[in-house]
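Take a look at the structure below.
For the single chain, residues carry numbers from 1 onward in sequence order. Keep in mind that what you see is a predicted model, and the values were worked out from it rather than measured.
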Amino acid sequence: MAFFEEMILKDSIEIKTTAEKVFNFLTSIVDDQSYRAWHKDDHVSFRWLKGRPWTEGSILYAEEYLHGKLHKFKFEIIKIVPNKRIEYIPTSHFVRKFFPKNDFIIEQKRGSCIFTAAGTYRVGKLGKIFFKKAIENGLSSVKKHMREEGENLKIILES
């Protein structure tokens with residue numbers, strides 16, 4: 001019996017553009033201004049701490065609001081497949097135990113593409129028992145944020 005239960009939150013949206021344009025938008029996020037352009041309400045700050053932007057091994061720092069609270073993140077880019085996928089993980093080994101991986105996945109379709117944001121989360125058995133409502137609320141707000149990012153990306157790239 002596993003101590004942690006793994007869940008993957010995903011949100012996908014069809015965007016009438018090319019996978020290349022979605023990938024180029026994501027990889028053009030290099031500072032506060034470009035980060036806020038994606039989600040004006042929740043995105044606060046963004047900068048690169050190490051390496052060339054959007055290359056494997058580079059480290060980014062971001063601040064954003066989730067469920068009304070400011071969160072500060074450091075992520076390492078671990079995989080880049082141009083026009084298809086960006087994988088990133090928390091730099092903290094402790095945080096990675098609970099939030100091991102995030103992905104942006106881009107699938108080209110005829111005349112459009114599917115953009116998927118995905119996050120892998122681990123919840124302990126005791127946590128699910130004693131903090132069930134807080135965990136559900138937290139995951140719900142992350143899912144809402146993912147959906148809003150996808151909708152905003154669609155608006156930006158289709159206009």
Side-chain angles (χ1 to χ4, degrees), residues 4 6-13 15 17 19 21-106 114-124 127-128 131-159:
F4 287 103
E6 197 164 276
M7 297 177 288
I8 298 175
L9 289 184
K10 283 186 177 183
D11 190 78
S12 297
I13 190 164
I15 303 173
T17 190
K21 286 183 180 173
V22 172
F23 186 81
N24 288 344
F25 175 85
L26 294 171
T27 57
S28 73
I29 297 172
V30 293
D31 57 19
D32 296 347
Q33 183 179 355
S34 53
Y35 189 54
R36 286 186 203 123
W38 188 11
H39 197 304
K40 290 174 181 36
D41 296 333
D42 289 351
H43 289 178
V44 176
S45 180
F46 187 99
R47 67 181 175 272
W48 291 95
L49 301 177
K50 178 183 165 197
R52 283 191 8 251
W54 301 106
T55 59
E56 292 177 11
S58 60
I59 295 176
L60 67 90
Y61 172 83
E63 294 180 6
E64 64 184 38
Y65 283 96
L66 293 169
H67 51 86
K69 295 181 183 164
L70 183 65
H71 291 266
K72 300 175 181 186
F73 301 108
K74 280 187 195 174
F75 291 111
E76 178 182 353
I77 304 296
I78 61 166
K79 186 174 186 178
I80 295 274
V81 180
N83 307 325
K84 293 184 182 198
R85 178 182 218 102
I86 298 171
E87 268 182 55
Y88 55 104
I89 60 173
T91 58
S92 163
H93 292 285
F94 177 75
V95 172
R96 207 176 308 154
K97 290 184 185 301
F98 303 98
F99 311 105
K101 184 177 83 147
N102 296 284
D103 296 280
F104 294 133
I105 303 157
I106 310 160
I114 305 297
F115 170 73
T116 301
T120 303
Y121 300 88
R122 291 186 186 130
V123 179
K128 281 188 79 171
F131 304 106
K132 182 178 181 177
K133 193 67 173 168
I135 291 168
E136 287 173 354
N137 288 343
L139 293 176
S140 174
S141 67
V142 169
K143 178 84 169 148
K144 177 181 179 279
H145 183 80
M146 288 174 157
R147 184 180 61 251
E148 290 170 351
E149 285 181 333
E151 290 168 351
N152 291 347
L153 187 59
K154 180 180 177 76
I155 290 166
I156 291 165
L157 294 177
E158 288 184 356
S159 63

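By the neighbour-count criterion of 12 heavy atoms within 6.0 Å, atom NZ of Lys154 is densely surrounded, having more than that number from other residues, nucleotides or ligands. Residue Lys143 places its NZ atom among more than 12 non-hydrogen atoms of other residues, nucleotides or ligands, all under 6.0 Å distant. The environment of OH in Tyr65 is sparse: at most 12 heavy-atom neighbours from other residues, nucleotides or ligands sit within 6.0 Å. The environment of CD in Gln33 is sparse: at most 12 heavy-atom neighbours from other residues, nucleotides or ligands sit within 6.0 Å.
To the nearest 0.5 angstrom, Lys79 atom NZ is 6.0 Å from Arg85 atom CZ. Atom-to-atom distance recorded for Ile59:CD1 and Glu76:CD is 5.5 Å, nearest 0.5 angstrom. Residue Asn83 holds its CG atom at 6.5 Å from CG of Asn24, rounded to the nearest 0.5 Å. The distance from atom CD1 of Ile156 to atom CD of Glu149, rounded to the nearest 0.5 Å, is 10.0 Å. Residue Tyr61 holds its OH atom at 10.0 Å from CZ of Phe73, rounded to the nearest 0.5 Å. To the nearest 0.5 angstrom, Leu26 atom CG is 11.0 Å from Ser34 atom OG.
With sequence neighbours excluded, the residues forming a ring pair (Phe, Tyr, Trp, His ring centres under 6.0 Å) with Phe99 are Tyr121, listed by chain and number. Here Lys144 pairs with Glu148 under the salt bridge (charged side-chain N to carboxylate O under 4.0 Å, His left out) rule; sequence neighbours left out.
Checking side-chain atoms of Arg47 against main-chain N and O of Asp31 turns up no donor-acceptor pair under 3.5 Å. In this structure a side-chain-to-backbone donor-acceptor pair under 3.5 Å is present from Arg122 to Lys97. No donor-acceptor pair under 3.5 Å is formed between the side chain of Trp48 and the backbone N or O of Trp54.
Between Ile15 and Phe25, every side-chain heavy-atom pair lies at or beyond the 4.5 Å cut-off.
Across all their heavy atoms, Tyr88 and Asp103 have their closest contact at CE2-N, 4.2 Å. Nearest heavy-atom pair across Ile114 and Ser12 is CG2-CB, 3.9 Å. Summarising the geometry of Pro90 relative to Phe75, their closest heavy-atom pair is N-CD2, 3.6 Å, with the distance given to 0.1 Å. Closest non-hydrogen pair, Ile80 versus Glu56, comes out as N-OE2, 3.0 Å. A pairwise comparison of heavy atoms in Met146 and Ala118 identifies CE-C, 3.7 Å as the closest pair. The two residues Ser58 and Pro53 make their nearest non-hydrogen contact at OG-C, 4.4 Å.
Between the side chains of Glu64 and Tyr35, at least one donor N or O sits under 3.5 Å from an acceptor N or O.
A ring-centre distance under 6.0 Å is not found for Phe23 and Phe104.
His43 and Trp38 have perpendicular rings, their planes meeting at more than 60° on a 0 to 90° scale where under 30° would count as parallel. Using bins of under 30°, 30° to 60° and over 60° for the plane-to-plane angle, the ring pair His71/His67 lands in the perpendicular bin.
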Side chain to side chain contact (heavy atoms under 4.5 Å, CB included) between Phe115 and Leu157, intermediate numbers included: CA-CA 12 Å; Phe115 170 73; Leu157 294 177; over 6 Å; no
Stepwise side chain to side chain contact (heavy atoms under 4.5 Å, CB included) check, Thr17 with Val22: CA-CA 8 Å; Thr17 190; Val22 172; 3.8 Å; yes
Stepwise side chain to side chain contact (heavy atoms under 4.5 Å, CB included) check, Leu153 with Ile13: CA-CA 9 Å; Leu153 187 59; Ile13 190 164; 6.0 Å; no
